[in-house]
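The structure appears right after this line, and notes come after that.
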Amino acid sequence: MKKFIETINAPKAVGPYSQGVLVNNTLYVSGQIPFDPKTNMLVSEDIEEQTLQSLQNVLAIVNSAGLQKEDIIKVNVYMTNLGDFSKMNNVYQNFFQNHKPARAAVEVRALPKAVQIEIEAIAMK
């Protein structure tokens, strides 16, 4: 069974994709950029604030599907500057606390809307 997830608590999908897709007990969350869902604007130029907002957007979609932070099993982090990895990693660690999903972090040339970070995730009930 497949269900498309949409919430006003994360930025709207601006293209031909869904915020998330729940297939049976697995949720696939599309990459989330650091836009405030209320203003649809970039939260800040600061990588730490961008990281936190991206993670909050992911969690809003996870929660909308009836799952919790602890159900997140895989996270992919895309950054335009891996020189900021330690700053991102500190925010990430504070966000997840003792929960440690599998993760990849890669540097990319560019991201939509010229943001510094995009985060996608997989969660499972």
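The analysis underlying the following values was restricted to heavy atoms, covering all of them including side chains, and did not include hydrogens, waters or symmetry mates.
For CD of Glu6, the number of neighbouring non-hydrogen atoms (other residues, nucleotides, ligands) closer than 6.0 Å is 12 at most. Counting non-hydrogen atoms of neighbouring residues, nucleotides and ligands closer than 6.0 angstrom, the NZ atom of Lys87 reaches no more than 12 such neighbours. Summarising the local packing, CD of Glu107 is surrounded by more than 12 heavy atoms from other residues, nucleotides or ligands at distances under 6.0 Å.
When side chains are defined from C-beta on, Pro11 counts as touching Asn40, because their heavy atoms get closer than 4.5 Å. With a 4.5 Å cut-off on side-chain heavy atoms, Lys2 and Leu22 do not count as touching. In this structure, Met124 and Thr26 have side chains that are in contact, with non-hydrogen atoms separated by less than 4.5 Å. Contact check for Glu49 versus Pro34: no side-chain heavy atoms found under the 4.5 Å cut-off. Residues Leu42 and Lys113 are not in side-chain contact: their nearest non-hydrogen atoms beyond the backbone lie 4.5 Å or more apart. Using a 4.5 Å heavy-atom cutoff, the side chains of Val115 and Phe35 are in contact.
A donor and an acceptor atom, one from each side chain of Gln93 and Asn89, are nowhere located under 3.5 Å apart. No hydrogens or angles considered: nothing links the side chains of Glu120 and Tyr28 as a donor-acceptor pair under 3.5 Å.
Using a distance-only test at 3.5 Å, with no hydrogens or angles considered, no donor-acceptor pair links the side chain of Gln116 to the main chain of Gln50. Not one N or O on the side chain of Asn94 forms a donor-acceptor pair closer than 3.5 Å with the backbone of Val91. Distance alone, capped at 3.5 Å, places no donor-acceptor pair between the Thr7 side chain and the Ile61 backbone. No donor-acceptor pair under 3.5 Å is formed between the side chain of Lys3 and the backbone N or O of Ala65.
When hydrophobic clusters are built by joining Ile, Leu, Val, Met, Phe, Trp and Tyr residues whose side-chain heavy atoms come closer than 4.5 Å, directly or via intermediates, Ile122 is grouped together with Phe4. In terms of hydrophobic clustering, with Ile, Leu, Val, Met, Phe, Trp and Tyr side chains grouped at heavy-atom distances under 4.5 Å, Tyr78 and Phe85 are assigned to different clusters. Linking ILVMFWY side-chain heavy atoms closer than 4.5 Å, directly or via other members, places Leu59 and Ile117 in a single hydrophobic cluster. Met88 and Val106 end up in different hydrophobic clusters when Ile, Leu, Val, Met, Phe, Trp and Tyr side chains are linked at under 4.5 Å. Residues Leu82 and Ile47 share a single hydrophobic cluster, defined by chaining ILVMFWY side chains whose heavy atoms lie under 4.5 Å apart.
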Worked check of side chain to side chain contact (heavy atoms under 4.5 Å, CB included) between Phe95 and Thr51: CA-CA 10 Å; Phe95 183 82; Thr51 300; over 6 Å; no

Does the pair Glu118 and Ile33 meet the rule for a side chain to side chain contact (heavy atoms under 4.5 Å, CB included), with working shown? CA-CA 5 Å; Glu118 181 173 359; Ile33 61 175; 3.9 Å; yes

Leu67 vs Lys125, test: side chain to side chain contact (heavy atoms under 4.5 Å, CB included). Steps then yes/no. CA-CA 7 Å; Leu67 286 85; Lys125 287 185 182 182; 3.8 Å; yes

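Taking every heavy atom of both residues into account, Gln97 and Lys100 meet most closely at O-NZ, 4.5 Å. The nearest pair of heavy atoms linking Val14 to Tyr17 is N-OH, 3.3 Å. Pairing each heavy atom of Gln19 with each of Gln32, the nearest pair is O-NE2, 4.3 Å. Taking both residues in full, the closest heavy atoms of Pro37 and Ala10 are given as CB-C, 3.5 Å, listed atom of the first, atom of the second, then distance.
For Tyr92, the ring pair (Phe, Tyr, Trp, His ring centres under 6.0 Å) test picks out Phe96, with sequence neighbours left out.
Interatomic distance, Gln53 CD to Leu55 CG, rounded to the nearest 0.5 Å: 9.5 Å. If you take CD on Gln68 and CG on Asn63, they are separated by 7.5 Å, rounding to the nearest 0.5 Å. Rounding to the nearest 0.5 angstrom, the gap separating the CG atom in Leu52 from the CD1 atom in Ile119 is 9.0 Å. In this structure, CD1 in Ile5 is found 11.0 Å from OG in Ser30, a value given to the nearest 0.5 Å.
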